[in-house]
J.: 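Take a look at the following structure, please.
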Amino acid sequence: MKWQGRRKSSNVSRSKGGGVALGGGGLIIALIVFLITGSPRDAIRSGLGGGAQNSQQEYQLSDREQTLYDYSSVVLADTEDAWHEILEKEGIKYREPKMEIFKGQVKSGCGIANSGMGPFYCSRDETIYMDLSFYDSLIRDFGADEGDF
């Protein structure tokens, strides 16, 4: 699929990233995960309740992530165009979802999420959440081609 040079959705944003705090519940979850796995890293990740993003800075994208970000924006634009056309024929107004690109973990309208969940849609805030590492998982776990998408 040739995607470069095509319309990008204006509904895509990067998650605010950075700061993290452990609450009482997160501390308990972290302790349980540590006791089960023996891994401090896994314990901290789970106990952070998704690393609730509480900084006010967007995380900076690498060159590769910027390409994936742009690609995701073009795919979202394609879905917007398709659903506007399809639903217009039925007399239904299409409400465009937002897409939030995050790294690691994010707080969504549906709760805390992490990259291991893969991309998902939260109907509460009408947002698609996606960690760009999902593309790496497609290549690594499913043998997807690294070509021009």
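Residue indices begin at 1 and follow the sequence shown. What you see is a predicted model; the values in this text were computed from it and never measured. Note: hydrogens, waters and symmetry copies are ignored here, and every other heavy atom, side chains too, is used.
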J.: Rounded at 0.5 Å granularity, tell me how far CZ in F102 sits from CG in N114.
T.: 7.0 Å
J.: Should Y94 and V75 be counted in the same cluster of Ile, Leu, Val, Met, Phe, Trp and Tyr side chains packed under 4.5 Å apart?
T.: no
J.: Looking at every non-hydrogen atom in both residues, tell me the closest pair between L132 and S72 and how far apart they are.
T.: CD2-OG, 4.1 Å
J.: First locate atom CD1 of I128, then atom CD of E100, and finally report the distance between them rounded to the nearest 0.5 Å.
T.: 11.5 Å
J.: Testing the basics here: between G109 and R124, what is the closest heavy-atom pair and its distance to 0.1 Å?
T.: O-CD, 3.2 Å
J.: Flag the pair Y129 / M117 as yes when at least one side-chain heavy-atom distance between them is below 4.5 Å, and no otherwise.
T.: no
J.: Okay, side chain of Y69, backbone of V12: is any donor-acceptor separation there less than 3.5 Å?
T.: yes
J.: Please find the pair of heavy atoms, one from G104 and one from D131, that lie closest to each other, and give the distance.
T.: N-OD2, 2.7 Å
J.: With sequence neighbours left out, write down each residue that passes side chain to side chain contact (heavy atoms under 4.5 Å, CB included) with T79, or none if nothing qualifies.
T.: L76, W83
J.: Which pairs with one or both residues in residues 85-135 pass disulfide (SG to SG under 2.5 Å), sequence neighbours excluded?
T.: C110-C122
J.: Go through the structure and list residues passing salt bridge (charged side-chain N to carboxylate O under 4.0 Å, His left out) with K93, not counting sequence neighbours.
T.: none
J.: Check side chain to side chain contact (heavy atoms under 4.5 Å, CB included) between R95 and all other residues, then give those that pass, not counting sequence neighbours.
T.: E126
J.: So, D125 and K98, do they make that salt bridge, N to O below 4.0 Å?
T.: no
J.: Show, in sequence, the C-alpha distance, side-chain angles and deciding distance for H84 and E96, and conclude whether the side-chain contact (heavy atoms from CB on, under 4.5 Å) test is met.
T.: CA-CA 9 Å; H84 276 296; E96 295 178 352; 2.7 Å; yes
J.: Would you give the length of the straight line joining atom CE of M99 to atom OG of S73, rounded to the nearest 0.5 angstrom?
T.: 8.0 Å
J.: Out of curiosity, S15 OG to I101 CD1, how far, rounded to the nearest 0.5 Å?
T.: 10.0 Å
J.: Kindly write out the residues that satisfy side chain to side chain contact (heavy atoms under 4.5 Å, CB included) with D70, not counting sequence neighbours, or none if the list is empty.
T.: W3, K8, Q66
J.: Under the side chain to side chain contact (heavy atoms under 4.5 Å, CB included) test, which residues partner S62, sequence neighbours left out?
T.: R64, E65
